[in-house]
Colleague: 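My questions will all concern the structure given below.
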Number of protein chains: 6
Amino acid sequence: MGEFGRRGVVVTDIRRPDPLAVDRLAEFGVATAHEAMGRRGLAGPGIRPVQQGARVAGSAVTVLAWPGDNLMIHAAIEQCREGDLLVVQTTSPSTDGAFGDLFATALKRRGVRGVVTTTGVRDTADLREMGFPAWSHGVHAQGTVKATAGSVNVPVVVDGMVVRPGDVVIADDDGVCCVPIDEVDATIAASEKREAKEAADREAYGSGTELSLDRKGLRPLLDELGVRYIAQEEFDAR
Amino acid sequence: MGEFGRRGVVVTDIRRPDPLAVDRLAEFGVATAHEAMGRRGLAGPGIRPVQQGARVAGSAVTVLAWPGDNLMIHAAIEQCREGDLLVVQTTSPSTDGAFGDLFATALKRRGVRGVVTTTGVRDTADLREMGFPAWSHGVHAQGTVKATAGSVNVPVVVDGMVVRPGDVVIADDDGVCCVPIDEVDATIAASEKREAKEAADREAYGSGTELSLDRKGLRPLLDELGVRYIAQEEFDAR
Amino acid sequence: MGEFGRRGVVVTDIRRPDPLAVDRLAEFGVATAHEAMGRRGLAGPGIRPVQQGARVAGSAVTVLAWPGDNLMIHAAIEQCREGDLLVVQTTSPSTDGAFGDLFATALKRRGVRGVVTTTGVRDTADLREMGFPAWSHGVHAQGTVKATAGSVNVPVVVDGMVVRPGDVVIADDDGVCCVPIDEVDATIAASEKREAKEAADREAYGSGTELSLDRKGLRPLLDELGVRYIAQEEFDAR
Amino acid sequence: MGEFGRRGVVVTDIRRPDPLAVDRLAEFGVATAHEAMGRRGLAGPGIRPVQQGARVAGSAVTVLAWPGDNLMIHAAIEQCREGDLLVVQTTSPSTDGAFGDLFATALKRRGVRGVVTTTGVRDTADLREMGFPAWSHGVHAQGTVKATAGSVNVPVVVDGMVVRPGDVVIADDDGVCCVPIDEVDATIAASEKREAKEAADREAYGSGTELSLDRKGLRPLLDELGVRYIAQEEFDAR
Amino acid sequence: MGEFGRRGVVVTDIRRPDPLAVDRLAEFGVATAHEAMGRRGLAGPGIRPVQQGARVAGSAVTVLAWPGDNLMIHAAIEQCREGDLLVVQTTSPSTDGAFGDLFATALKRRGVRGVVTTTGVRDTADLREMGFPAWSHGVHAQGTVKATAGSVNVPVVVDGMVVRPGDVVIADDDGVCCVPIDEVDATIAASEKREAKEAADREAYGSGTELSLDRKGLRPLLDELGVRYIAQEEFDAR
Amino acid sequence: MGEFGRRGVVVTDIRRPDPLAVDRLAEFGVATAHEAMGRRGLAGPGIRPVQQGARVAGSAVTVLAWPGDNLMIHAAIEQCREGDLLVVQTTSPSTDGAFGDLFATALKRRGVRGVVTTTGVRDTADLREMGFPAWSHGVHAQGTVKATAGSVNVPVVVDGMVVRPGDVVIADDDGVCCVPIDEVDATIAASEKREAKEAADREAYGSGTELSLDRKGLRPLLDELGVRYIAQEEFDAR
């Protein structure tokens with residue numbers, strides 16, 4: 001990728017996952033998919049939703065932009081299609097409001113499901129009102145310029161989460177998760193198993209018929225680790 | 001406690017405060033109880049509510065867990081009763097989502113009022129929907145393991161707030177406060193006095209009959225400290 | 001200002017902007033006014049709203065207070081009038097809950113529009129219920145004392161934003177912005193132009209008739225910067 | 001402690017540990033003593049040394065002060081003796097430079113070993129030159145006042161570490177650790193064992209005669225946990 | 001300043017303070033000058049020295065730059081003279097390494113005393129070796145572009161500290177302080193008084209002839225505030 | 001990689017770069033190599049050196065470990081050879097002191113050049129004394145366990161920097177940079193060009209024969225961007 005380092009590249013005609021699979025992943029949500037993948041693929045806790053209650057998934061169109069510069073987001077819009085989700089990284093940390101309601105208007109028109117960005121966002125009241133969900137490092141009204149080269153549809157890193165174009169990005173109130181395009185089917189299968197198991201657990205815990213200590217067989221482990229049970233009176237008297 | 005340092009202990013049969021006193025403290029809320037205690041007992045501003053509008057108090061069941069490991073939360077559930085509130089500290093900072101909807105289901109079944117944790121939480125949409133309130137360092141979907149010893153019902157520290165099992169922990173939109181079990185009655189008495197005084201203040205300020213400068217007798221203090229009044233025109237002309 | 005450094009001053013009879021102009025600026029909101037001023041005047045992203053959906057503007061009454069000490073807020077209330085907005089800075093970083101519902105009650109009675117503070121706030125549920133909006137560094141119930149001199153209506157700095165008494169401070173979900181009193185008319189004029197332009201952009205992007213790449217004439221810039229378009233297959237084959 | 005909450009107390013004639021034991025703990029340093037105590041007693045990573053290469057231990061004289069106010073440090077000096085170490089907490093977070101070279105001059109004269117403070121420190125060049133070591137949340141020149149009550153020799157919390165007067169506080173380049181006065185002997189004994197074991201480990205690893213995988217018997221654990229060994233060529237081919 | 005907001009301005013022929021006065025302020029250092037000004041003028045604790053042991057003062061040449069863009073630093077060099085100190089702010093937070101050894105080479109040649117920047121710096125080993133001191137938000141090697149307009153010699157804000165061109169900026173191990181050009185003489189006079197007083201204090205505390213509690217007359221204040229003295233035995237027995 | 005997600009894998013027999021090329025990259029250092037790669041490959045500013053003045057490069061052996069658990073570092077040592085550099089990521093943020101002097105002893109014996117870790121390190125005085133350099137998120141003495149599966153020699157992310165086993169990691173006072181194994185030769189060539197250019201620049205700036213404004217041809221750009229030159233007197237009079 002060296003030759004494009006400073007000048008940038010817009011990669012077109014990217015591979016995309018099966019739209020039905022993307023929708024299926026949205027139903028599971030971030031926590032379940034992350035667990036189903038073997039506890040991988042999660043963005044760090046610094047990326048938070050601007051709204052409450054949204055849960056979406058989309059095929060990633062990625063942007064690598066200069067801090068304080070939204071030029072490459074303009075270029076990325078043209079690459080977006082129905083079912084995509086825009087993922088923006090700046091080359092160094094920046095809280096500038098690189099994303100706002102005009103971008104959201106254009107993307108919504110194209111059927112894009114939302115945006116995940118390491119930058120700040122602005123026009124947040126408008127974004128909530130128009131129902132275009134965003135996950136970001138924060139909210140800041142600081143305006144940006146259109147002056148510096150970057151890239152569209154190259155691999156990016158969002159708070160530790162690697163995203164390649166065409167990967168499935170899931171986002172909800174718990175954060176953001178990325179399922180590599182080649183792991184979509186396996187993740188759906190594992191998520192279904194996990195959901196079934198959790199439904200049974202929920203039934204057991206909600207009805208009070210069984211403690212997780214017993215259901216998960218954890219009592220022998222506590223014993224093996226040397227954890228002792230002792231009454232408070234005795235504990236205080238030591 | 002040295003002997004349990006690495007292997008851990010589960011302290012059973014802990015002392016608990018009078019349930020009616022706990023409910024009374026919940027009515028006052030965090031700010032009033034904190035002031036009534038002489039401005040002590042507050043967790044730092046890093047512990048925030050996952051939901052809006054909840055105000056609860058409970059008798060603390062405490063957990064000291066390894067970062068990234070929820071084994072001891074499993075052990076703690078069995079020690080919880082109606083009117084308790086779970087308080088979780090990890091031995092070093094961790095944002096992992098050690099607490100989610102399955103734990104909440106089990107705890108709600110047992111009458112637990114909520115959870116305060118130095119870790120992250122996940123399944124936050126579910127927690128809000130089921131009405132189980134949580135206060136935490138943040139939200140993160142990162143899964144945890146069940147591999148390392150820790151303790152239940154030993155003293156813990158939550159963002160600077162020391163909590164012993166059986167202390168009353170109050171939590172609302174303003175944060176989290178701990179009332180030691182031996183100070184419950186005194187804190188209720190002082191909170192009642194404070195509320196009466198604040199009601200009178202509120203009446204005075206809301207009706208505009210008196211400024212706090214006069215009501216609190218602060219004008220002489222300003223004078224004694226050498227604070228001068230001067231018109232802007234004169235100020236700018238210096 | 002040296003002579004007042006330690007002892008403090010309360011500046012009275014400050015200049016204030018035209019109330020109609022202040023209301024007009026509130027309508028534009030933070031992002032538009034900030035852009036209209038040439039991308040200046042914004043507070044950093046660390047100052048966030050306590051509530052959702054408020055948008056206000058007011059003539060600044062400023063407070064420079066000691067950390068952990070609200071004495072000068074008491075002194076500032078007397079200087080506030082209908083249409084003002086209180087702006088509080090401490091001389092060093094402090095998250096203490098220096099502002100709560102009693103201050104809000106007194107300020108609301110005087111027609112003050114809201115508060116922006118570098119400190120923490122408390123009684124946040126009450127503030128939301130009574131409709132008195134606040135922007136702050138965070139929420140913390142920690143109580144404060146009334147012991148140390150400070151100043152009212154001197155220049156203050158809020159997360160990098162300089163505010164002089166009588167400047168117009170705008171605050172909404174996107175953050176906080178300050179329009180110097182001498183730039184109010186120019187900012188209104190520029191904001192109107194910007195809104196008109198954005199309405200046309202929104203129409204174009206929402207209807208899908210034009211991409212921003214074309215509308216803003218950015219294609220030649222991408223070309224000039226050396227950004228290349230290349231299909232994924234070719235990109236991967238390099 | 002409620003009665004002293006707002007007005008404060010200076011506790012005199014505190015218990016102190018055996019000076020020889022304190023010196024012994026200084027030799028082990030923070031990491032060894034922390035491990036010897038079962039991985040307890042450590043302050044968080046936010047408290048850092050102002051200098052490089054100092055390693056001290058002392059009997060804690062504690063200060064609970066108001067943010068931005070050093071009055072109680074003045075009161076604490078009188079309570080300090082040869083072999084003590086001053087530990088300062090403010091009631092809420094503050095970076096003000098509450099400690100500087102004049103305090104250090106007075107404390108050094110009294111034989112105090114150093115200072116650990118949740119505040120900022122200043123005159124750091126002087127502190128290094130005079131050989132009085134400090135551990136703090138940071139460096140800031142911000143001056144403080146002498147206006148508000150606090151306490152001396154009550155329990156304090158320093159970045160999660162609980163310190164009671166007379167506990168032994170150890171501080172070096174790795175951070176700060178507290179050994180409760182009743183655990184001093186046990187900690188020395190366990191530290192000696194640990195040092196012996198580590199010396200043998202160091203010999204084995206430095207000479208290359210044995211890997212820790214074998215010396216600690218970890219190969220079976222890796223196997224039990226399902227960790228597989230696989231050559232890169234095979235791994236890439238999956 | 002509105003007209004220059006987006007396009008920028010380079011202000012030439014700025015007023016500068018008396019060079020002898022600047023050198024005198026360097027001798028006092030940050031903590032003393034800050035106190036002498038009535039505890040004003042200090043940058044926050046986020047701006048730290050890259051080296052240890054430097055203490056300089058200079059007449060400020062200011063730069064307002066775009067994040068990730070060093071174009072205006074290039075423009076500022078031409079405006080610098082013997083005895084100046086470069087002060088750089090970006091319009092929004094940025095840790096990019098906007099300043100490195102080539103800038104330092106050019107500035108040192110012109111007699112500039114150092115640099116204070118809200119950005120990151122790089123080539124820090126070179127900077128230390130060539131003896132050109134820097135104070136910054138951190139260290140980062142991230143390169144910058146030369147693409148966006150900004151300004152030279154307009155007022156800037158550095159971690160809360162307002163700097164106008166020609167103000168005296170003092171920087172040492174304790175941080176950074178700004179003395180407005182009109183307050184230089186008064187600050188020197190007050191600093192001299194303060195140094196004399198501190199020398200006497202140091203003598204008293206170092207010889208152990210007097211405690212600060214007595215020298216500052218603080219015992220009556222403790223009494224007035226209600227601080228009580230009580231032996232540990234009695235305290236524990238409450 | 002899904003099948004190894006929870007159970008982990010140790011990849012053996014990894015590809016490594018030419019040792020002479022690695023040494024050549026160490027000579028250039030982080031800032032130069034990062035620029036030569038087109039301003040890519042840099043870790044964020046959160047990873048800092050524990051010592052001052054070290055500059056190393058090595059072939060990456062990577063570790064993906066559980067927070068608070070150093071089991072996989074034990075496993076990684078066996079995979080290390082002369083000229084390697086250990087790179088450690090935990091699956092979620094952790095400041096625990098997962099790396100200390102015993103690991104350094106074993107690695108130094110095997111010819112490893114240093115360690116870069118997202119965790120904390122401890123025994124920092126020993127590390128400096130034995131000349132084993134470390135770059136980390138911070139310093140913390142907190143001990144870790146050996147209980148949870150992870151991986152060795154899988155791709156990791158260190159403060160935004162992606163590292164694959166066998167990539168060249170460069171680390172010095174400015175931070176840490178990763179050169180993919182396939183870009184080593186191109187990066188060396190570009191670094192050499194850059195160094196030559198910078199040497200000429202340094203000569204020009206140090207001798208004062210030319211300003212960078214002229215040498216880089218930036219005057220026309222300032223003009224094109226609308227930056228105006230104006231004397232202070234005129235500026236103030238607007």
Side-chain angles (χ1 to χ4, degrees), chain A residues 1-9 44 46-48 63-75 88-100 117-124 136-151 154 156-160 236, chain E residues 1-9 44 46-48 63-75 88-100 117-124 136-151 154 156-160 236:
Chain A
M1 198 181 1
E3 62 189 295
F4 301 118
R6 281 206 203 176
R7 293 177 307 164
V9 62
I47 301 291
R48 298 297 304 140
V63 179
L64 185 62
W66 203 251
D69 195 310
N70 68 10
L71 173 61
M72 299 316 294
I73 302 182
H74 287 280
V88 182
Q89 177 202 356
T90 48
T91 51
S92 58
S94 169
T95 60
D96 289 355
F99 191 93
T117 176
T118 62
T119 69
V121 295
R122 64 181 189 180
D123 309 322
T124 50
S136 73
H137 187 77
V139 175
H140 201 196
Q142 174 71 40
T144 50
V145 296
K146 291 176 273 293
T148 311
S151 291
V154 297
V156 297
V157 179
V158 173
D159 204 348
D236 292 347
Chain E
M1 199 183 358
E3 63 189 294
F4 299 119
R6 279 205 207 178
R7 294 175 306 164
V9 61
I47 301 292
R48 299 296 305 138
V63 179
L64 185 62
W66 204 251
D69 194 312
N70 68 10
L71 174 60
M72 299 315 295
I73 302 182
H74 287 280
V88 181
Q89 177 201 357
T90 48
T91 52
S92 58
S94 169
T95 60
D96 289 355
F99 191 94
T117 175
T118 63
T119 69
V121 296
R122 64 180 188 182
D123 307 323
T124 50
S136 73
H137 186 77
V139 174
H140 201 194
Q142 175 69 40
T144 50
V145 295
K146 290 176 274 292
T148 311
S151 291
V154 298
V156 296
V157 179
V158 173
D159 205 347
D236 292 347

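In what follows, chains are A, B, ... by sequence order, proteins preceding strands, each numbered from 1. Treat the numbers as computed from the prediction; the structure is a model and nothing was measured.
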Colleague: Among Asp96(A), Thr119(A), Thr144(A), exactly one meets side-chain hydrogen bond (donor to acceptor under 3.5 Å, both in side chains) together with Ser92(E). Which residue is that?
Modeller: Asp96(A)
Colleague: Measure Thr91(E) against the heavy atoms of chain A and call it side chain, backbone, both or neither at under 4.5 Å.
Modeller: both
Colleague: Quick check on Thr148(A) against chain E: is it the side chain, the backbone, both or neither that has a heavy atom closer than 4.5 Å?
Modeller: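 For Thr148(A), the side chain is the part near chain E, not the backbone.
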Colleague: Could you check Pro67(E), Pro93(E), Ser94(E) and say which one makes a side-chain contact (heavy atoms from CB on, under 4.5 Å) with Thr95(A)?
Modeller: Pro93(E)
